[in-house]
Structure formats: structure tokens, C-alpha cells
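Below you'll find the structure, written out as C-alpha cells, and then a few comments.
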Amino acid sequence: MDDIQRIKKFIPITNEVSPTFCLAKWHHTTIYLQTGETHSCYHPAPHKIPLEEISVDASALHNTKEKISQRKEMIDGKKPSGCQYCWNIEALGDEYISDRKERNASIYTDERFNAIKNNPLAPVNPQYIEISFGNECNFKCGYCHPKHSSSYYKEIKDYGPYDMVRNHRNDIDWFTIYEEENNPYVDAWWRWWPEVSKTLTILRITGGEPLLQKSTWKLLEDLEKNPRPYLEVNINSNFGVKTVLVERLVKKVSSLLSSNKIKEFKIFTSIDTWGAPAEYIRTGLDLKTWERNLDIYLNGTGLPVTFMITFNILTVTNFNILLQKILE
Ligand code: SF4
């Protein structure tokens, strides 16, 4: 069965609930603890997590009242406005596969689906979490934002926002960044973690730069003490950190895997092209450091690496060199 057939198989099943039902609204979440925001996928804009909601139930990091009302809209066959990306694709015709249909097929299990059917508005412990513990980062890439990079934030604070950006605001006066050490959202995460990790299948740690954040290391330590042999752990790293941190990661991951305390580990690192343009796009990138860290990781773990490539106009001229480097 090819991918399209596999996805189509689930359409009549999930249509039993409603034709706008999306399992990602229940079982996928990205949570930015530094700003206290969440969304179910990258298409709807993140919304604020009210502090009063997490003070009652830490799972409100994902199960906000706002998200539950979007779930209700879906159950009622309505189309939440934040999901317009999918509605636009579906308006092209039944042959077009939206992310909603793809997610429904990839997340579906009888157990998850029936639990939602029986109690659609109950809080859920999701199957996939992407978590950002803070915005601390040693890079300030051209396509990033002060919400996600402390270096970018500092630059805007010192010199003011870029004034040639038209499609989003990169000034810093309209949001609050919580420090990792003193953040009620991070506290809520550690209250929720023992419970949510019982059924979680993928945890992806993003940033900022996760290897610079204490919570990343605390989490890996916790997995040593409280194994989750069914859990896949992913980390997005810029691999521009001190080598000692990559060596520490290699040791920790090797230990967790060899003792079956986690199921799988994957690293994702960004690189857009090679040479000076690569370093210009991703301000802070030093290719020698990146390559050395990559070698240490590859040789130390023997695991594959995924490259996240933001293909852009500055990428073009040296892209063939990057492809040769990947082959190497
Ligand atoms: S319907 Fe589409 S946009 Fe909305 S949560 Fe699902 S995949 Fe994301």
C-alpha cells in the first residue's frame, strides 16, 4: 500500500467523528516554555497558555481551554480558523491530501481514537511533544526570532528591530521571555512530566539551543532513573556549542540506549549551504566547530543525523559543496 492509499484508508474512519476532525489537535503539541505558548502543529499561530490554568492542571500546557474549544469546533464539524492552511488544501478537492488527513493516518490507533470518541473534551496526554525549555542560544540566524534566540533578543534590545521586515514583528516590546530558572511554565512541565511520559511516544527537544539548557540535561538524567523504553527522544541542536557538551551528549545517549532506557534517539542539526554564505545565514555558525561536533557525534554514537536545510537564495551557489560534504 503506498502512502496515499494508507492515508485515504483512514478518511472514512475519522469521518465517523466529523469531516474536520484532526488527531493532531489532541495528540500533537509544540510548547514554548519561554513564552508560555502552544500550538498543535506549525500552521495555527501559537496561543498563550494562561498561568491560572496550569496552576490547577499542569496538562494545560497542552490542554488549554482555547485548544479544547478548537477540539469542540472540530467535533461539531466546524473549521477552527487557525487551521486555514488545511481547509485551503481540502477546498481544492478530495484528491488533495491536507496535513490533517496525513496526521490522522500517522497518529491513529484504535485506543487513541476510541478514547476521544468516548470523551472528546477531556484533557489528553499527547503522543508527540515538541518542547522548548528556553530561548537561550549562541546563534542569531537570519530567519530566527528573538522569542527563540537570546542572542537575537539581545541584539534587538541593544540596536532596535530590523525595519525592513514586513511580514512579522521582530521587536521585543510585545512579549515576555521567562528565564529557564524562574519560569512557572518550566515548573508546570516538571509536574506534568512523570504522568505524560507514561504514554508519550516521541519527545522532541527544541530551542533556543537545547544543549545549553539545564532542563535538557535534567530530562536525560531523569530518563536514567525512570526508564521509558518505548520513548523516542529527539534533539534539535545547532552543533555550534563547546565540544565538551557534544561529548557529554554522546556519553548520555549511548548509556540510555545500551541499557534500553529509551527506544530511540535522533539528532537534527541545521545547515543550509557551505562556506561563507552558510556562516552568514546562521550567524554564530563556525563550520569548523560544527563539523568537529558532527564527527564526534557520528563516531561516538554510530547513529544517523538529520540535516534541516532552509533552502534560500543565499544557499544556491555553494549548495553542491554541501551535498558533497553530506556524501563524505
Ligand atoms: S487541521 Fe491542519 S492545521 Fe489544524 S492542527 Fe490539524 S494538521 Fe494542523
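In each ligand, atom 1 is the first atom listed, and ligand 1 is the first ligand listed. Basis for what follows: all heavy atoms, side chains included, without hydrogens, waters or symmetry-related copies. We're numbering straight along the sequence, starting at 1.
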Distance check below 2.8 Å: does C41 bring an N, O or S atom to atom 8 (Fe) of ligand 1? yes
Less than 4.0 angstrom from a charged side-chain N to a carboxylate O is my criterion; do K325 and E328 meet it? yes
Contact check, side chains of F265 and N234, non-hydrogen atoms, under 4.5 Å: no
Considering only protein heavy atoms, which is closest to atom 4 (Fe) of ligand 1, and at what distance to one decimal place? C83 SG, 2.4 Å
Can you tell me if, anywhere in C86, an N/O/S atom lies at a distance from atom 2 (Fe) of ligand 1 that is smaller than 2.8 Å? yes
State yes or no: are the ring centers of Y32 and H148 separated by less than 6.0 Å? yes
Lys/Arg cation over aromatic F133: K214, 6.0 Å, 45° cone: no
I need the nearest protein heavy-atom contact for atom 6 (Fe) of ligand 1: residue, atom name and distance, please. C22 SG, 2.4 Å
If the cut-off is 4.0 Å to any non-hydrogen atom of R100, which atoms of ligand 1 fall inside it? 1 (S), 7 (S)
Ligand-residue contact atoms, ligand 1 with H43, heavy atoms, under 4.0 Å: 3 (S)
Tell me whether the guanidinium CZ or amine NZ of R292 lies under 6.0 angstrom from the six-membered ring centre of F239 and within 45° of its axis. no
